[in-house]
J.: 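Got a structure here, written out as structure tokens. Questions coming.
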Amino acid sequence: MDLSSQVRVRFAPSPTGYLHVGGARTALFNWLFARNKGGQFVLRIEDTDMERSSEESYRAIVEDMRWLGLDWDEGPKVGGDYGPYFQSERRPIYSEWCQRLLNEGKAYRCFCSQDDLKRMREELRRLGKDIKYDRRCRDLSSDEVSQRLDAGKPFVVRFKAPLSGQTIVEDIVKGNITFENSTLDDFILLKSDGYPTYNFACVIDDMLMKISHVIRGDDHLSNTPKQILIYRAFGATPPRFAHVPMIMGPDRTRLSKRHGATSVGQFREDGYLPEAMVNYLALLGWSYDDATTLFAREDLIAKFSLEKVSSTPAVFDYAKLQWLNGEYMKRRPISDRAHLVVPHLIRAGLVHEPLSAELKAYIGRVVDVVGERLKVGNQIVELADFFFKDEISYDEDVAGILKQHHVPAVLKLLEDRLEKLDGFAAASIEKVMRGLVSEMGLKTGQLFQPVRIALTGKKHSPDLLRIMEVLGKERVIARLKLARKKALEMQ
RNA sequence: GUCCCCGUCGUCUAGCCCGGUCUAGGACAUCGCCCUUUCACGGCGGCAACACGGGUUCGAAUCCCGUCGGGGACACCA
């Protein structure tokens, strides 16, 4: 295959925190694009910030990517022909390419200290001027340079940005964007510790890794002209760019922790499904038509295109994600759901490891009874805690129902009849209860509601009859007795 | 402050490039009704948007200009 037409994209997180939903969506778009085009998806770790990078973050990112099913063709753990895939291991490469720029007079050493620069910036800010380096080291004579070098003065390497002309970013989602070169800074390529800055490392890697399309958040848009200039300085052709709008919180600022859960890992722990997450994220900034909402992974791959990516920022909608998760939850077999729910039951102290085969089967029956009410894994606790408690606690708003005068007598009657029942199937329980209702001339709810409270402690619950069947005769009768006692006290 | 991006129901969006088919469609959320042992599901229905102002045109959500609003970037962070 002709390499120049081969699609190669990358996701390049810096391991300075967990995988954020914004990052995850960027990764997803890259992945979808690669899979759609039959290209390669590269994972590259941008760990040039020694202060903030951590092994733990790296691991978490890899784990979350795998959970989402975003597999990479090249990168950590899988290798590839263009490695290493950790920027921290590519230092010699950056110095080499930087040296080339220096030799050709396209970059220069700057000896200004960080304090000097900080002071200059403050001054400019005060005057309301453009905040840029004043280029005082740009035209140092070679004598001056070697003098300072000999004196052991620390330096950074800066790019000699053109002072006039324009740089045009041809963006697939935003269109053509023109930047005046005069607004560009002589930005830093190599820091004084020898590590490259983001803009430099990113270009060198994308160039050397033969990345064809750079798909990333539009917060990088203003970096793009700088990067294009670096490609040109090397006589290289820049990749195609696609800047996707960012994900916002409800207040329309960048989505962050204060808006709620933002890390993929958090959603996973809360009991969200990866396919729901992928589907939701795909729809945040991309759509296929005016009707389709549910996309299986293969549909997404088949239908994804950068042209259909929206250019407007999107607000992250927790409610819609939850709904979508519910849709996928329904589609999962009971056994999956039962499995998914276990960690939440454990965390709530409702069950304890190790789980017996019996208990596992019981959880399956519970999940079956709870049915479609369970949209997110962690909801199992509020929905079904009473299945796992010996003593149930009554909700506050429940007193009004238990207080009713007919309750104690009716509960007593029910106890007696259930006692005599052969077996304890929902159908036979229903006969007893309906019979009682008509004999006593009650409305259905007048019996069912007190019973519901007796068994669950709540006003709302899944189907009562099925709950009773799963709970079993003994526990049902015990709970009825207890509720009757409570009701009596309230009379 | 400077540069850049963006502006259709509360939210995600379709429509915009190639003006009329848009009394602007769908989904989530919300409200009401039906179903019903409650909740959920399901069914039916309601509320709800082209930021504003000028052009261009027989005709503008769609094209042009301006205003306003929001966001992002301006680090030896990525």
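In what follows, every chain begins at residue 1, and chains take the letters A, B, ... in the order their sequences are listed.
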J.: Could you check which of B:rU11, B:rC4, B:rU38 has an atom nearest any side-chain atom of A:Leu221?
T.: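 That would be B:rC4.
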
J.: State which of B:rC76, B:rU13, B:rC77 makes the closest approach to the side chain of A:Asp49.
T.: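 So the nucleotide nearest the side chain must be B:rC77.
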
J.: Any donor-acceptor pair, under 3.5 Å, between the side chain of A:Ser461 and the base of B:rC39, if you only look at N and O atoms?
T.: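 There is none.
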
J.: Taking the P atom in each of B:rU11 and B:rG70, what is the distance between them to the nearest angstrom?
T.: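 Taking atom P in both B:rU11 and B:rG70, they lie 15 Å apart.
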
J.: State whether A:Ser287 places a side-chain N or O below 4.0 Å from either non-bridging phosphate oxygen (OP1 or OP2) of B:rA14.
T.: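 So the side-chain polar atoms of A:Ser287 do come within 4.0 Å of the phosphate oxygens OP1 or OP2 of B:rA14, strictly under.
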
J.: What contact category does A:Lys375 fall into here, base, sugar-phosphate, or nothing, at under 4.0 angstrom with non-hydrogen atoms?
T.: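 The answer is sugar-phosphate, as A:Lys375 gets under 4.0 Å only of primed atoms, P, OP1 or OP2.
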
J.: Can you tell me how far C1' in B:rG46 sits from the matching atom in B:rC58, rounded to whole Å?
T.: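 Their C1' atoms lie roughly 37 Å apart.
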
J.: Using the C1' atom on both, measure B:rC63 against B:rG26 and round to a whole Å.
T.: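 Looking at atom C1' only, B:rC63 and B:rG26 are 27 Å apart.
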
J.: Need to verify one output field. Residue with the more 5' nearest nucleotide on RNA chain B, A:Thr183 or A:Asp317?
T.: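 The residue whose closest nucleotide sits nearer the 5' end is A:Thr183.
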
J.: When you get a sec, tell me which of B:rC76, B:rA27, B:rU38 is the closest nucleotide to the side chain of A:Lys320?
T.: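 Closest nucleotide among those given: B:rA27.
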
J.: Partner of B:rA51 by Watson-Crick or G-U wobble geometry, both contacts under 3.5 Å, or none?
T.: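 Here B:rA51 is engaged in a pair, and the nucleotide opposite it is B:rU67.
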
J.: Please name the nucleotide paired to B:rG20 by Watson-Crick or G-U wobble geometry with both distances under 3.5 Å, or report none.
T.: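 Across all strands, the one nucleotide that pairs with B:rG20 is B:rC58.
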
J.: Does a side-chain heavy-atom distance below 4.5 Å link A:Asn279 with A:Tyr328?
T.: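 A side-chain contact exists here, since the closest heavy-atom pair is under 4.5 Å.
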
J.: In terms of side-chain heavy atoms of A:Trp323, which of B:rU37, B:rC41, B:rA29 is nearest?
T.: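 Within the option list, the nearest is B:rA29.
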
J.: Centroid separation under 6.0 Å, is that true for the rings of A:His213 and A:Phe29?
T.: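 Ring-ring flag for A:Phe29/A:His213: false, centres at least 6.0 Å apart.
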
J.: If you look at every strand shown and take non-hydrogen atoms under 4.0 Å, does A:Glu372 touch a base, only sugar-phosphate, or nothing?
T.: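 Here A:Glu372 touches the backbone only, sparing every base.
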
J.: When we call it a touch if two heavy atoms are under 4.0 Å apart, what does A:Thr292 touch: a base, just sugar-phosphate, or nothing?
T.: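 Since no nucleic acid heavy atom lies under 4.0 Å of A:Thr292, the category is nothing.
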
J.: What is the distance, to the nearest angstrom, from the OH atom on A:Tyr318 to the C1' atom on B:rC28?
T.: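 One finds 16 Å between C1' of B:rC28 and OH of A:Tyr318, rounded.
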
J.: As a test of reading the structure: which of B:rU13, B:rC28, B:rC76 is closest to the side chain of A:Leu117, going by heavy atoms?
T.: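 Shortest atom-to-atom distance from the side chain points to B:rC76.
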
J.: Using a 4.0 Å heavy-atom cut-off across all strands, classify A:Lys308 as base, sugar-phosphate, or nothing.
T.: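 Result for A:Lys308 = sugar-phosphate.
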
J.: Could you let me know what B:rU11 is paired to, Watson-Crick or G-U wobble, both distances under 3.5 Å, or none if it's on its own?
T.: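 Partner of B:rU11: B:rA27.
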
J.: Measuring from the side chain of A:Arg52 (C-beta onward, heavy atoms only), which nucleotide among B:rA78, B:rU13, B:rU38 has the closest atom?
T.: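 Nearest to the side chain of A:Arg52 among the choices is B:rA78.
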
J.: Check every strand shown and say whether A:His220 touches a base, only sugar-phosphate, or nothing at a heavy-atom separation below 4.0 Å.
T.: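 Here A:His220 touches the bases of the nucleic acid.
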
J.: Under 6.0 Å between the ring centres of A:Trp286 and A:Phe304?
T.: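 Ring-ring flag for A:Trp286/A:Phe304: true, centres closer than 6.0 Å.
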
J.: Between A:Gly175 and A:Leu284, name the one whose nearest nucleotide on RNA chain B is closer to the 5' end.
T.: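 Here A:Gly175 is the residue nearer the 5' end.
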
J.: Give a yes/no on whether any side-chain N or O of A:Arg254 is located under 4.0 angstrom from OP1 or OP2 of B:rA73.
T.: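 Yes, because at least one side-chain N or O of A:Arg254 sits under 4.0 Å from OP1 or OP2 of B:rA73.
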
J.: Ring centroids only, cut at 6.0 angstrom: are A:Phe316 and A:Tyr280 within range, meaning strictly under it?
T.: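 Between A:Tyr280 and A:Phe316, which both carry aromatic rings, the centre distance is below 6.0 Å.
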
J.: What's the closest nucleotide to the A:Arg452 side chain, out of B:rC5, B:rU37, B:rA40?
T.: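 From the listed options, B:rU37 comes nearest.
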
J.: Write down the distance separating the C1' atoms in B:rU62 and B:rA14, rounded off to the nearest Å.
T.: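 It comes out at 13 Å once rounded to the nearest Å.
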
J.: For the pair made of CZ in A:Arg44 and C1' in B:rA78, what is the distance, rounded to whole Å?
T.: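 Computing the A:Arg44:CZ to B:rA78:C1' distance gives 11 Å.
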
J.: Is there a Watson-Crick or G-U wobble partner for B:rG1 with both distances under 3.5 Å, and if so, which one is it?
T.: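 Result: B:rC74.
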
J.: Whole Å only: how far is the NE2 atom of A:His259 from the P atom of B:rU11?
T.: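 So the two atoms are 14 Å apart, to the nearest Å.
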
J.: For A:Asp368 and A:Arg365, run salt bridge (charged side-chain N to carboxylate O under 4.0 Å, His left out): C-alpha distance rounded to whole Å, both residues' side-chain angles, the deciding distance at 0.1 Å, then the answer.
T.: CA-CA 5 Å; A:Asp368 191 20; A:Arg365 297 178 71 197; over 6 Å; no

J.: Mind running ring-ring contact (aromatic ring centres under 6.0 Å, His included) on A:Tyr58 and A:Phe86 for me, showing each step along the way?
T.: CA-CA 10 Å; A:Tyr58 158 68; A:Phe86 288 86; 5.2 Å; yes

J.: Can you tell me if A:Tyr94 and A:Asp205 form a side-chain donor-acceptor pair at under 3.5 Å?
T.: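 Yes - a donor-acceptor pair under 3.5 Å links their side chains.
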
J.: Taking the C1' atom in each of B:rA60 and B:rC74, what is the distance between them to the nearest angstrom?
T.: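 Their C1' atoms lie roughly 38 Å apart.
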
J.: Would you indicate, yes or no, if B:rU37 has its OP1 or OP2 atom less than 4.0 angstrom from a side-chain nitrogen or oxygen of A:Arg434?
T.: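 Affirmative; the distance criterion is met.
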
J.: In this structure, how many angstroms lie between the P atom of B:rU38 and the CG atom of A:Leu402, rounded?
T.: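 Going from A:Leu402 (CG) to B:rU38 (P), I get 17 Å.
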
J.: Over all strands shown, is A:Pro462 touching base, sugar-phosphate only, or nothing at heavy-atom distances under 4.0 angstrom?
T.: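 Base contact - A:Pro462 has a heavy atom under 4.0 Å of at least one base atom.
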
J.: If only side-chain N and O atoms of A:Arg121 are considered, is one of them under 4.0 Å from the OP1 or OP2 phosphate oxygen of B:rC76?
T.: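 For B:rC76, OP1/OP2 do have a side-chain N/O of A:Arg121 under 4.0 Å.
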
J.: Between A:Thr224 and A:Arg216, does any side-chain donor sit less than 3.5 Å from a side-chain acceptor?
T.: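 Yes, side-chain donor-acceptor contact under 3.5 Å.
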
J.: Would you give the length of the straight line joining atom CZ of A:Arg158 to atom CG of A:Leu189, rounded to the nearest 0.5 angstrom?
T.: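 It is 10.0 Å, given to the nearest 0.5 Å.
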
J.: Quick one: label A:Gly371 by what it contacts on the DNA or RNA (base, sugar-phosphate, nothing), any heavy atom closer than 4.0 Å.
T.: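 The residue A:Gly371 makes no contact with any strand.
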
J.: Can you tell me if the side-chain N/O atoms of A:Lys191 get under 4.0 Å from OP1 or OP2 in B:rA78?
T.: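 True: A:Lys191 side-chain N/O within range (under 4.0 Å) of B:rA78 OP1/OP2.
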
J.: Across the strands shown, which category fits A:Asp185 at heavy-atom distances under 4.0 angstrom: base, sugar-phosphate, nothing?
T.: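 No contact.
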
J.: Could you work out the separation of B:rC18 and B:rC64 based on their P atoms and round it to a whole Å?
T.: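 Roughly 10 Å separates the two P atoms.
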
J.: Which is true for A:Thr16 with a 4.0 Å heavy-atom rule: it touches a base, it touches only sugar-phosphate, or it touches nothing?
T.: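 Here A:Thr16 touches no strand at all.
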
J.: Quantified in whole Å, what is the C1' atom distance between nucleotide B:rC50 and nucleotide B:rU23?
T.: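 Those two atoms are separated by 14 Å.
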
J.: Look at the side-chain N and O atoms of A:Lys330 and state whether any lies under 4.0 Å from the OP1 or OP2 oxygen of B:rG42.
T.: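 True: A:Lys330 side-chain N/O within range (under 4.0 Å) of B:rG42 OP1/OP2.
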
J.: With a 4.0 Å cut-off on heavy atoms, is A:Ser311 in touch with a base, just the backbone sugar-phosphate, or nothing at all?
T.: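 The answer is sugar-phosphate, as A:Ser311 gets under 4.0 Å only of primed atoms, P, OP1 or OP2.
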
J.: Once you apply a heavy-atom cut-off of 4.0 Å, does A:Val315 come out as touching a base, just sugar-phosphate, or nothing?
T.: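 Here A:Val315 touches the backbone only, sparing every base.
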
J.: Using a cut-off of 4.0 Å on non-hydrogen atoms, how would the nucleic acid contact of A:Met246 be classed: base, sugar-phosphate, or nothing?
T.: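 A:Met246: backbone/sugar contact only, no base atoms under 4.0 Å.
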
J.: Decide whether A:Arg90 and A:Ser95 meet the rule of one side-chain donor and one side-chain acceptor closer than 3.5 Å.
T.: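 Side chains of A:Arg90 and A:Ser95: no pair found under 3.5 Å.
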
J.: As a test of reading the structure: which of B:rU37, B:rU13, B:rC76 is closest to the side chain of A:Thr444, going by heavy atoms?
T.: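 Looking only at heavy atoms from C-beta outward on A:Thr444, the closest nucleotide is B:rU37.
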
J.: Can you tell me, in whole Å, how much space there is between the P of B:rC35 and that of B:rC44?
T.: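 It works out to 15 Å between them.
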
J.: OP1 or OP2 of B:rA78 sitting under 4.0 Å from any side-chain N/O of A:Thr48?
T.: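 Looking at the OP1 and OP2 atoms of B:rA78, one of them is under 4.0 Å from a side-chain N or O of A:Thr48.
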
J.: Look at the side chain of A:Asp290 and decide which nucleotide, out of B:rC5, B:rA14, B:rU2, has an atom nearest to it.
T.: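 The answer is B:rA14.
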
J.: Contact class for A:Leu283 (heavy atom, under 4.0 Å): base, sugar-phosphate, or nothing?
T.: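 Sugar-phosphate, backbone atoms only, no base.
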
J.: Closest to the A:Phe179 side chain: B:rC4, B:rC76, B:rA78?
T.: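 Side chain of A:Phe179 sits closest to B:rC4.
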
J.: Can you tell me the distance, in whole Å, between the CZ atom of A:Phe200 and the P atom of B:rC76?
T.: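 Going from CZ in A:Phe200 over to P in B:rC76 covers 16 Å.
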
